[in-house]
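Step one of this worksheet: look at the structure below.
Letters A, B, ... are given to chains in the order of the sequence lines, protein chains preceding strands, and every chain is numbered from 1.
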Amino acid sequence: MTDSVPPIVSIENLKAYEGELVTVQGWLYAKTGKGRLQFLQVRDGSGLCQAVVFKKNVSPEDFQAAKELTRESSLRVTGVVKADERAPGFPGGYEIDVRSLEPIQVAEPYPIAPKEHGVEFLMKHRHLWIRAPRQWAILRIRANITRALRYWLDEHGFVNVDTPILTPAAAEGTTTLFEIDYHGEPAYLAQTGQLYNEAAIFAFGRVYCFGPTFRAEKSKTRRHLQEFWMLEPEIAFCDLEELMEVQEQLISYVIQRILVENALELRLLERDLTHLERVRPPFPRLHYDDAVAMINRAAEAGEKVPGYDETVPPIQWGDDFGSPHETYLAAQFDRPVFVHHYPSQVKAFYMEPEPGRPEVCRSVDLLAPEGYGEITGGSERMSDPEKLVAAIQKHGLPLEPYQWYLDLRRYGSVVHSGFGLGLERTVAWICGLEHVRETIAFPRMLHYMRP
RNA sequence: UCCUCGGUAGCUCAAUCGGCAGAGCAUCCGGCUGUUAACCGGACGGUUGAUGGUUCGAGUCCAUCCCGAGGAGCCA
């Protein structure tokens, strides 16, 4: 068997082949030449490892080929796996002592150097930028967050029901929507699947949808995209308190799983893990009344908003929080915090008013720590048909398009609740990123959709 | 939509008071047996975002526009 062809192995599995002859196929991330020695850093999608080409160990042709390889050239290298503390890469610690190599394509000069670049340049080369180690780590974590979210829901009796992306009207009647031509009739890209989820719970009990949503808002901040992915669970026979329990269980599960399964990626991102390790139930709960009092106490004392370089602005009871308010509130806790019972006037029409205190509703937002802002928003839904009709009219919305939605309250209405989780903000928080644009392979931002 | 900052070599940036357009990296050539964004020597590299104006002279000052970044509002 001495003439057998060496196996093609993944870099993440190199360790298992120590001392053996293997082939790795991938792309050249970086190269350092040193006379009769060439260090090749090879990526294959699963990781990155160093391949060492000694002139005396390979044919003259192969050594010359190694010298002529450019960054991002595709290649196969065959050699013996050796443990070496000096070997860079991820997982790292193992390198390939090359015996032969086969360039597949020698790449043209690569525009992205392994050093500092500006945001504009990198975004224009997003199709190439995603090859970089940091982006690789982020997008792998994103994929695993998605997997963990779905896994937890699937294991807890939720049925995945996909909701439409093309919709006839605004679901909440608030935010700006992208309009398209639906065979002569105006239609809109969905900003939420919630109303359809509410129909689905009467068939399946617990459901979730998970897909892209669209907001045509002129938002240009580190927390906003025009197209983002939202996970929306909806649960029958569930009130506000139970809704918060579901959220803290789900989010804690995801984070603890990422800490274990993506330790390598988090290390690559140099993420401070102490914040994430604390994310376990229960999360603190803060009533809107108390939040307002906290903010105004801080405003009076002239406290600074962390990372904002301005003092906490005062707030009137009944107003929604601005970004500085949310950032200040979240900074007062060492884990995500629920803020519940917002004023009804600043929330959507379908949220259940608090019995005996209709000026507030049974709504809840989850604020992530470290300034990442609102990552979920949800509520107990109004279940009484007459109250819902009144709420729709009070918000100045037409009744006719909501007839099917009102049907849900006519045929076996029950207490139910749901929430939406912004995937990109969650990824940014877990990865410790400055901006959500790096949390999705091809972000859609204000006036920016190429590539 | 509003506020603030920015646009100079492929990339990251410098250029004093308005006075010769510069450096590092990348690329190419040569050297080096343990490099980690290697190092040493050499070469190549410019419509200073666009248009108009002020001036003997504009990267620099003025006006308008284009593009980008951060923030506000709104939201996940």
So which protein N/O to nucleotides 23-27 of chain B N/O distances come out below 3.5 Å?
from: B:G24; atom 1: N2; to: A:K115; atom 2: NZ; distance (Å): 3.4
from: B:C25; atom 1: O2'; to: A:K115; atom 2: NZ; distance (Å): 2.8
from: B:C25; atom 1: O2; to: A:K115; atom 2: NZ; distance (Å): 3.2

With hydrogens left out and only the distance checked, is there a donor-acceptor pair under 3.5 Å joining A:H117's side chain and the base of B:C11?
no
Base, sugar-phosphate, or nothing for A:D365, non-hydrogen atoms under 4.0 angstrom?
nothing
Does A:R257 qualify as a cation-pi partner of A:Y151, given the criterion of NZ or CZ under 6.0 Å from the six-membered ring centre and within 45 degrees of its axis?
yes
Candidate nucleotides B:C67, B:G34, B:C75, ranked by approach to the side chain of A:R86 - the nearest
B:G34
Go through the N and O atoms of the side chain of A:Q50 and the base of B:U35, and report whether any donor-acceptor pair is under 3.5 Å.
yes
Side chain of A:H435 only, please: which of B:A76, B:G70, B:G34 is the nearest?
B:G70
Establish, with yes or no, whether the OP1 or OP2 oxygen of B:A76 is under 4.0 angstrom from a side-chain nitrogen or oxygen of A:T192.
no
Could you check whether A:I112 gets within reach of a base, just the sugar-phosphate, or nothing at all, counting any heavy atom under 4.0 Å?
nothing
When A:P88 and A:E227 are each assigned the nearest nucleotide of RNA chain B, the 5'-most assignment goes to A:P88
Considering only heavy atoms and no angle criterion, is a donor-acceptor pair shorter than 3.5 Å present between the side chain of A:S219 and the base of B:C74?
yes
Which value, in whole Å, describes the distance between the P atoms of nucleotides B:U12 and B:A26?
15 Å
How are the rings of A:W136 and A:F90 set relative to one another: parallel (under 30°), tilted (30 to 60°) or perpendicular (over 60°)?
tilted
Using the ring of A:Y342 (Phe, Tyr or Trp, six-membered ring only), decide whether A:K347 places NZ or CZ under 6.0 Å from its centre and within 45 degrees of its axis.
yes
With hydrogens left out and only the distance checked, is there a donor-acceptor pair under 3.5 Å joining A:E95's side chain and the base of B:G34?
yes
To the nearest 0.5 Å, what is the distance between CD1 on A:I112 and NE2 on A:H117?
6.0 Å
So, is A:K220 near the phosphate of B:A69, with a side-chain N or O under 4.0 Å from OP1 or OP2?
yes
Among B:A72, B:A76, B:C11, which nucleotide has an atom closest to any side-chain atom of A:P324?
B:A72
For nucleotides 38-43 of chain B, which of its nitrogen or oxygen atoms have a protein nitrogen or oxygen under 3.5 Å away, and what is each distance?
from: B:A38; atom 1: N6; to: A:G33; atom 2: O; distance (Å): 3.1

Look at A:R36 and B:U33 and indicate whether a side-chain polar atom (N or O) is within less than 4.0 Å of OP1 or OP2.
yes
For B:A72, does either OP1 or OP2 sit under 4.0 Å from a side-chain N or O belonging to A:R223?
yes
Taking atom C1' in both B:U54 and B:G24, what distance in whole Å separates the two?
36 Å
In whole Å, measure the gap between the P atoms of B:U4 and B:C40 for me.
45 Å
Keeping to residues at least two apart or across chains, list the side-chain hydrogen bond (donor to acceptor under 3.5 Å, both in side chains) pairs with something in residues 32-41 of chain A.
none
Side chains of A:S417 and A:E242, donor plus acceptor under 3.5 Å
no
Taking any heavy-atom pair under 4.0 Å as a contact, classify A:G89: base, sugar-phosphate, or nothing.
nothing
Between B:U60 and B:G7, how far apart are the two C1' atoms, rounded to whole Å?
14 Å
Have a look at A:T426 and say if it touches a base, only the backbone sugar-phosphate, or nothing, with a 4.0 Å heavy-atom cut-off.
nothing
With rounding to the closest Å, how many angstrom separate the P atoms on B:G59 and B:A9?
14 Å
